[in-house]
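Order of appearance sets the numbers: ligands from 1, and atoms from 1 within every ligand. Count residues from 1 along the sequence.
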Amino acid sequence: MEGIVVCSTGRWCDVFAEGSTYKCSLKGNLRLKSLKTTNPVAVGDRVVFEPEENTLTGRVSDVLERKNVIIRRATNLSRQTHILAANVDLAVLIATPILPRTSTGFIDRFLITAEAYNIPVLIVYNKLDLFEKEMSVVEYYNDIYHIAGYETLMVSSKTGTNVEDFRKFISGKTILLAGHSGVGKSTLINALNPDLKLKTGSISEAHLKGTHTTTFARMYLMKDKTLIIDTPGIKEFGVVDFEPWELAHWFREFKQYIPHCHYANCTHLNEPGCAVRDAAEAGKIHEERYSNYLGILNNISS
Ligand code: GDP
Ligand code: ZN
């Protein structure tokens, strides 16, 4: 049978097929094929599996070709990687202008990874009910991200405002939901599908902060065939290794200026004849994006 992986812990995975979820082990050949990763089968994978008769268990024998994978280092020191998700159509970053305030530095790190993986992004500002009387906080973010060329949406998962717009935007896609703990990811998933009754609020946050165990991504199926991959407690969205001069290519709106820099390997820091810095000084690139760029550049060069 063919199915889709909704949860994967490494040796085991849950596979959804024809209305049921099967707890599956992996055939030995699959585990051997991918020693570099802690989980040869990841959430979002389309797999072939052999179900056991009369039980909801089975064995995965093959992973179908992937459109993309988002990988992370298994631990900071490890050479092994962990596949966070596969076959993602859209990465949705849930940010909150207040309570808690999401920094533009966090948003920009998320965006460069999505650019590097070539996955489209939607930025969703949640908790509209809390900031609607003070729109200047969200206008500040919109200034930055609209100039950069990103789509944004404001919602309140609590009151339901604009949740239908969000549903339409993601309809039929496989989306990865990311954001700091407490921004309302679980509340938003519940708003889309109340049957799921996911735990929300401080209890789950405390639990996530208090333990060092890996938290796994999980996929939720919506009635309209939209697939939502939730990544609880995952701060870092993928890893990408690149040289300092490559970084600017993942800042979408910088790209048009890069060919006009005097040096081909310009890092846009203090080189003479830098078209990116000129654009930032002229206000064509938002100063916050440029300063976040310099911060990340500094991190990867040191
Ligand atoms: P998660 O950690 O991203 O899954 O966040 P939760 O869904 O658990 O939400 C964290 C807290 O924010 C909970 O207390 C929610 O009730 C609250 N919350 C979520 N969405 C909204 C919203 O749109 N408005 C308000 N006022 N609170 C919200
Ligand atoms: Zn330059």
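- For the pair Asn68/Tyr117, no side-chain contact is recorded, criterion being any heavy-atom separation below 4.5 Å from C-beta on.
- Residue-ligand proximity, Leu130 to ligand 1, at heavy-atom distances under 4.0 Å covers atoms 26 (N).
- With the Zn ion (ligand 2) as the vertex, atom SG of Cys266 and atom SG of Cys261 span an angle of 120° (nearest 10 degrees).
- Of all the N, O or S atoms in His268, the one closest to the Zn ion (ligand 2) is ND1.
- Put simply, the residue from Trp250, Tyr145, Tyr293 that forms a side-chain hydrogen bond (donor to acceptor under 3.5 Å, both in side chains) with Asp108 is Tyr145.
- For ligand 1, the atoms lying closer than 4.0 Å to a non-hydrogen atom of Ser181 are 2 (O).
- In this structure, of Leu128, Ile98, Ile189, Asp129, the residue bringing a heavy atom nearest to atom 26 (N) of ligand 1 is Asp129.
- Of all atoms in ligand 1, listed by their number and element, those nearer than 4.0 Å to a heavy atom of Lys185 are 1 (P), 3 (O), 4 (O), 5 (O), 7 (O).
- Cation-pi contact between Arg252 and Tyr150: present, with separation from the ring centre below 6.0 Å and deviation from the ring axis of at most 45°.
- Side chain of His286 to main chain of Glu288: a donor-acceptor pair is present (N/O by atom type, distance under 3.5 Å, no hydrogens or angles).
- Of the listed options Gly201, Ser156, Ser186, Ala178, Gly201 places a heavy atom closest to atom 8 (O) of ligand 1.
- At least one N/O/S atom of Cys274, whether from backbone or side chain, sits less than 2.8 Å from the Zn ion (ligand 2).
- Checking Asp14 against Thr21 by side-chain atom types alone, no donor-acceptor pair falls below 3.5 Å.
- Side-chain polar atoms of Thr159 and Asp129 form no donor-acceptor pair below 3.5 angstrom.
- No N or O atom of Lys199 sits closer than 3.5 Å to an N or O atom of ligand 1.
- Between Ser291 and Glu287, the side chains place no donor N or O within less than 3.5 Å of an acceptor N or O (distance only, hydrogens not considered).
- For ligand 1, the atoms sitting less than 4.0 Å from at least one non-hydrogen atom of Gly182 are 1 (P), 2 (O), 3 (O), 5 (O), 10 (C), 12 (O), numbered in the order shown with element in parentheses.
- Listed by number with element, the atoms of ligand 1 under 4.0 angstrom from any heavy atom of Thr187 are 6 (P), 7 (O), 9 (O), 15 (C), 19 (C), 20 (N).
- Counted by atom type alone, Asn142 and Thr152 present one or more donor-acceptor pairs between their side chains at under 3.5 Å.
- Residue Val155 does not touch ligand 1, judged by heavy-atom distances below 4.0 Å.
- Using modelled atom types and a 3.5 Å distance limit, the side chains of Glu52 and Thr57 yield no donor-acceptor pair.
- Atoms of ligand 1 lying under 4.0 Å from at least one heavy atom of Thr200, given by number and element, are 7 (O), 8 (O).
- Using a 4.0 angstrom heavy-atom cutoff, Gly179 does not count as in contact with ligand 1.
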